[in-house]
Participant: 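This structure is in structure tokens; I'll ask about it shortly.
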Amino acid sequence: PNKKIVKTIQKGVAIYKTGRSPFWFARVWNPFAKKYVVRSTKETSRIEARDAALELFSSLSKSKFQNLNSKAPAAFATYADRLLREVQQRTKSNPRSYVYSDTKKILFRKNDGLVAYFGRMDVADITTGRIRAYLEYLDSIRSKPLNNSTKNKNLAVLKQVLQLALDEDVIQKLPRIKRLPETKSPRPSFTDGTYKAFIDAATDCAEIGR
């Protein structure tokens with residue numbers, strides 16, 4: 001579902017879409033920054049998206065291309081907001097879904113949410129080491145370390161945010177995000193001795209009730 005479809009229009013200009021969005025994106029090569037300028041065309045039609053891409057290309061004069069070099073970094077908070085809007089769209093038809101509220105909590109917890117920690121950071125600067133530091137921070141501000149199940153939920157949302165940046169070619173690859181091992185608590189069960197005692201007690205109660 002996340003397969004990227006790319007259609008080249010001319011040298012340095014292309015449109016593409018992924019399974020995450022119904023819209024085509026325009027991708028124009030910036031020769032000064034040595035990277036692509038990516039914009040959503042807001043079009044679902046390939047023909048209209050092609051026209052929008054060419055319009056973007058023609059609007060980016062040499063001076064504008066140069067000015068793009070000094071634009072603000074692609075902040076994590078920007079993509080966090082975008083993810084939350086996407087989750088809200090996906091789940092609004094299911095009032096029983098907790099995905100939206102859970103995602104919002106993980107992103108925007110006041111002291112240790114993902115935005116509180118990574119919000120102003122450029123998504124391109126989020127490395128495996130910085131993710132590991134975040135997990136250590138979560139434990140450092142608590143009297144008892146978080147369990148790995150909760151940490152994995154944080155990591156899953158973090159990966160979704162970075163995936164949006166990857167889909168727009170803002171980053172070239174995802175940092176390595178390794179799922180932490182979870183310890184499953186087995187359901188309590190009777191031993192042979194306790195089961196026999198239970199049966200004996202139940203039998204005694206039945207006898208008394210007769």
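The model shown is predicted, which means the values in this text are computed figures rather than measured ones. Start at 1 with the first residue, then count along the sequence.
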Participant: Using a 4.5 Å cut-off on heavy atoms from C-beta on, say whether the side chain of T18 contacts that of W24.
Facilitator: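 No - every pair of side-chain heavy atoms lies 4.5 Å or more apart.
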Participant: So, for I106 and K153, which heavy atoms are closest and what is the spacing to 0.1 Å?
Facilitator: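 Answer, listing the atom of I106 first, then K153: CD1-O, 3.7 Å.
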Participant: Which heavy atom of L114 sits nearest to which heavy atom of L158, and what is that distance?
Facilitator: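 The pair with the smallest heavy-atom distance is CD1-N, 3.7 Å.
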Participant: Let's go through D51 and E43 carefully: what are the C-alpha distance in whole Å and the side-chain angles of both, what is the deciding distance for side chain to side chain contact (heavy atoms under 4.5 Å, CB included) to 0.1 Å, and is it a yes or a no?
Facilitator: CA-CA 10 Å; D51 292 341; E43 302 288 354; over 6 Å; no
Participant: Counting C-beta onward and ignoring hydrogens, is there a side-chain heavy-atom pair between Q172 and L166 closer than 4.5 Å?
Facilitator: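 No. Closest side-chain heavy atoms not under 4.5 Å.
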Participant: Please determine, by modelled atom types, if N147 and T150 share a side-chain donor-acceptor pair under 3.5 angstrom.
Facilitator: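 Yes, side-chain donor-acceptor contact under 3.5 Å.
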Participant: Taking the side chain as every heavy atom from C-beta outward, state whether S21 and D167 have any pair of such atoms under 4.5 Å apart.
Facilitator: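 S21 vs D167: side chains apart.
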Participant: Taking only Lys NZ, Arg NE, NH1 and NH2, and the carboxylate oxygens of Asp or Glu, determine whether R179 and E182 approach each other closer than 4.0 Å.
Facilitator: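 Judged by the 4.0 Å cut-off on N to carboxylate O distance, R179 and E182 do form a salt bridge.
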Participant: Show the numbers, then the answer: is there a side chain to side chain contact (heavy atoms under 4.5 Å, CB included) between Y100 and L84?
Facilitator: CA-CA 7 Å; Y100 173 77; L84 193 63; 3.6 Å; yes
Participant: Looking at every non-hydrogen atom in both residues, tell me the closest pair between N148 and P181 and how far apart they are.
Facilitator: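 Looks like ND2-O, 2.7 Å.
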Participant: What is the minimum heavy-atom distance between M121 and I126, and which atoms define it?
Facilitator: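 It is SD-CG1, 3.6 Å.
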Participant: OG of S45 to CZ of R50: how many Å apart, nearest 0.5 Å?
Facilitator: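 It is 11.5 Å, given to the nearest 0.5 Å.
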Participant: Taking side-chain contact (heavy atoms from CB on, under 4.5 Å) as the test, write out the residues that go with Q10, two or more places apart.
Facilitator: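 Partners of Q10 under the side-chain contact (heavy atoms from CB on, under 4.5 Å) test: V13, L54, F57.
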Participant: Just do the side chain to side chain contact (heavy atoms under 4.5 Å, CB included) check on T127 and I131 with the steps written out, would you?
Facilitator: CA-CA 6 Å; T127 62; I131 294 171; over 6 Å; no
Participant: Who pairs with A124 by side-chain contact (heavy atoms from CB on, under 4.5 Å), at least two apart in sequence or on another chain?
Facilitator: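 Per chain and number, A124 pairs via side-chain contact (heavy atoms from CB on, under 4.5 Å) with D122, I171.
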Participant: Which distance, rounded to the nearest 0.5 Å, do you find between the CG of D81 and the CG of L164?
Facilitator: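 Here the interatomic distance stands at 11.0 Å.
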Participant: Applying side chain to side chain contact (heavy atoms under 4.5 Å, CB included) to Y16 and R27, what does each step give before you reach the verdict?
Facilitator: CA-CA 8 Å; Y16 72 88; R27 191 176 71 183; 4.2 Å; yes
Participant: Hey, any chance F25 and I47 share a hydrophobic cluster, counting ILVMFWY side chains that come within less than 4.5 Å of each other, even indirectly?
Facilitator: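 Unlinked, F25 and I47 end up in two clusters.
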Participant: Under 4.5 Å between side-chain heavy atoms, hopping through other hydrophobics if needed: is there a path connecting Y98 to L83?
Facilitator: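 No; L83 is not reachable from Y98 via cluster members.
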Participant: Identify whether V170 and F23 are in the same connected component of the hydrophobic contact network (ILVMFWY, side-chain heavy atoms under 4.5 Å).
Facilitator: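 Hydrophobic grouping puts V170 apart from F23.
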Participant: Do L56 and T41 come close enough that some side-chain heavy atom pair is under 4.5 Å?
Facilitator: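 No; the side chains remain at least 4.5 Å from each other.
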Participant: Could you check if a side-chain atom of L135 sits within less than 4.5 angstrom of a side-chain atom of L155, using non-hydrogen atoms only?
Facilitator: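 In contact.
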Participant: Could you measure the distance from the NZ atom of K105 to the CG atom of L107? Nearest 0.5 Å is fine.
Facilitator: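 One finds 12.5 Å between NZ of K105 and CG of L107.
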Participant: Considering only heavy atoms from C-beta outward, does the side chain of T78 approach that of R82 to under 4.5 Å?
Facilitator: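 SC-SC contact between T78 and R82 confirmed.
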Participant: Is the count of non-hydrogen atoms from other residues, nucleotides or ligands lying under 6.0 Å from R46 atom CZ greater than 12?
Facilitator: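 12 or below, so no.
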Participant: If you compare all heavy atoms of A74 against all heavy atoms of Y79, which two are closest, and at what distance to 0.1 Å?
Facilitator: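 In terms of heavy atoms, the two residues are closest at CB-CE1, 3.9 Å.
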Participant: How would you list, by chain and number, every residue that makes a side-chain hydrogen bond (donor to acceptor under 3.5 Å, both in side chains) with D112, sequence neighbours excluded?
Facilitator: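 With neighbours one apart ignored, the set is R109, R142.
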Participant: Any ion pair linking R39 and E55 (charged N to carboxylate O, less than 4.0 Å)?
Facilitator: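 Result for this pair is no, no salt bridge flagged.
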Participant: If the threshold is 4.0 Å, N to carboxylate O, is there a salt bridge linking D139 and K151?
Facilitator: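 A salt bridge links D139 with K151.
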Participant: Which atoms form the tightest heavy-atom contact between I15 and A26, and what is the distance?
Facilitator: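 So the minimum-distance heavy-atom pair works out to CG2-CA, 4.3 Å.
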